[in-house]
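Any value given below was found using the heavy atoms of this structure, including those in side chains, with hydrogens, waters and symmetry copies removed. Letters A, B, ... are given to chains in the order of the sequence lines, protein chains preceding strands, and every chain is numbered from 1.
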Amino acid sequence: MSQDTSFGYSDIVMDHFTNPRNVLRTSEEEYAASGVGMVGNPTCGDMMKVWIKVDDQDRIYDLKWKTFGCASAIGSTSMMSVMVTENGGMQIDQALKIKPQDIMDRLGGLPSIKIHCSVLGDKALRSVIQDYLKRTGREDLIHEGKATIVCECLNVTDKEIEEEVLEGVTDFETLQERTKISTGCGKCRPSAEALFETYRAKYFG
Amino acid sequence: MNERRRVYFDHNATTPVHPAVLEAMLPYLKEQYGNPSSGHQFGRAVRNRIAEAREIVAAALGAKPAEIYFTSGGTESDNLAIKGYAWANRKTNGGAIVTSSIEHPAVLEVVKYLGKNGFQTRILKVGPDALVDLGEVREALDAGVALISVMHGNNEVGSIQPVAEIAAMAKERGAAMHTDAVQTFMKIPVKVDELGVDMLSLSGHKINAPKGVGALYVRKGIKLTPLNHGGHHERGVRAGTENVPGIIGLAKAVELGVANMEENARRARELRDELERRILAEIPFVIVNGHRERRTPNTLNVTFECVEGEALLINLDMAGIAISTGSACSSGSLDPSHVLMAMGIPHELIHGSLRFSVGHENTREDIDYVMRHLPRIIASVREISPLWDVKNQRVVSVEEAAAGARIARK
């Protein structure tokens, strides 16, 4: 398929968008999941809900999802569902190692403005596994990355900067418009700019 | 039933060149290649045709030929009007410039640019119907304004602004008035004296002329600083050898448009209204965006709840149907439609908005074709949306169904 008919998406993204795998087609009650997770926000344009069934060996043997979003959000969730459930299903510790880049690689890449869709797919998976761990009384196994405050005046963290980069922010001015970072005393500006460039290089370098 | 069509409902983006327009242009791409500035017969022949084209465009607007300046399109016309006026009149009322929040970027970005370069600017709010508030306009003008630019018809939702009322208020207070009439010209009557505007932008490719040509009306006595300096083309206001085939094509499209405006508008409105009626009747949870009456006759902007516009656009495109969406995901930027945001529509509803804009070549069969595919596409995308579960459960709750039935009977 040429660019002309695929909106800048790979054939794999288009395949998963037009023929999404593992969508929840029954009611939630009927499915009786071992864990439920939801990430995103309709205001931002994408929201994902994920359900998993886990056996007594902590193997995710089934995963179902629903997504409100664009073609790449739908494609990313669908691909994530395939990655987790193929070959009999992943152990939860393996599933937690899936990274946005892994989803993107399996999709044959995403346009740079759509990278945050694979981030959401990854977050949705984390959220559903965390719910499962909570339900089974193993909160201690949840390792949520701690955010560090970069801008003390406006309480902006390194995680927020990373998320804005993944959302497609390409210049510091826009980052400031969206997060208000370094608009207080301004002392953090050199370190904030350096961090911004580091994340830019990490994802788009 | 399984017939495959290509249906184009995106005429606010661009329109096909009318065959008669192309026909009129061809000699100017072939044997009539003279430069209108040349003194010899090659140049003279073309120069005379440009003069005729200027008369045709002027007559359509109720203006004088000397008040028409040909440009490369709507964007250049808007830039020339606003920057040109701002630079030439920066001493008038402190050079302040006022515009609305739902302008085309060709106006809004120009005003923001001037705002960053020393000009006082103010951007007017709009109501949920996408119309500016005349009280706020008056208040803005009372503060002292050099130029106010408010579009005639909006490209996304079609809302038609009270341009004549704004122009009258501006005139009383010594401010000049520009309007971007790209979306209304040849759809509804656009006469510069009835509107009372000092400058007016129009574009060729929205009226079945080619891309790359447009015009700016500038009332006699208004001074503009050129954007392009160079030769004395367009009376020194717009240097550069004229786009002769484009100008000839624009004039032909205007001739055709003037002769058929009422009929074209009536057909467009009938088709648009039929499409709107069927969408509302056949698809649940749909909201029409913008003013229902004060609206360009060919434009329909609707939100389909619980779904995202890019997913719809791609599915419709695969069925051969061309529309556009206000969703952020297809805009190439991070934000959804600035027009729908200015109207106060919640973001999640903007993400599910689609614009259908009807053109001359559309038929009732096109509507039938869209309505064979659209309900199926909306249902399939809703089926995988977590928001739809919530909405859908509400549909089947007994109390609400009963309440809904009561409303429907009224």
Query raised in the report: Picking from A:Ala73, A:Pro111, A:Gly69, which has the most non-hydrogen pairs under 4.5 angstrom with chain B?
Result: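 The option with the most such pairs is A:Gly69.
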Query - Charged tip of A:Lys64 within 45° of A:Tyr31 ring normal and under 6.0 Å - result: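 A:Lys64 over A:Tyr31 ring: no.
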Report task. Show your reasoning for whether side chain to side chain contact (heavy atoms under 4.5 Å, CB included) applies to B:Glu383 and B:Trp388. Result -> CA-CA 7 Å; B:Glu383 208 177 291; B:Trp388 181 242; 5.6 Å; no
Query raised in the report: What part of A:Cys117 lies closer than 4.5 angstrom to a heavy atom of chain B: side chain, backbone, both or neither?
Result: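 For A:Cys117, there is no contact with chain B at all, as no heavy atom is under 4.5 Å.
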Query - Structural part of A:Thr77 lying under 4.5 Å from a heavy atom of chain B - result: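 When you check distances to chain B, no heavy atom of A:Thr77 falls under 4.5 Å.
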Query - Salt-bridge present (A:Lys49, A:Glu28; N to O < 4.0 Å) - result: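 Between A:Glu28 and A:Lys49 there is a salt bridge, with a charged N closer than 4.0 Å to a carboxylate O.
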Query - Partner chain A: residue of B:Cys306, B:Gly352, B:Ser380 with the largest heavy-atom pair count (under 4.5 Å) - result: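 It is B:Cys306.
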Query raised in the report: So what's closer than 4.5 Å to chain A heavy atoms on B:Pro346: side chain, backbone, both or neither?
Result: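 Contact with chain A involves no heavy atom of B:Pro346 at all.
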Query raised in the report: Do B:Ile279 and B:Met371 pass the side chain to side chain contact (heavy atoms under 4.5 Å, CB included) test, and can you show the C-alpha distance, the side-chain angles, and the key distance before you say yes or no?
Result: CA-CA 7 Å; B:Ile279 287 174; B:Met371 292 313 295; 3.8 Å; yes
Report task. With A:Met80 as reference, evaluate A:Thr85, A:Leu107, A:Leu63 under the side chain to side chain contact (heavy atoms under 4.5 Å, CB included) test and give the passing residue. Result ->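 Looking at A:Thr85, A:Leu107, A:Leu63, the match for A:Met80 under the side chain to side chain contact (heavy atoms under 4.5 Å, CB included) is A:Leu63.
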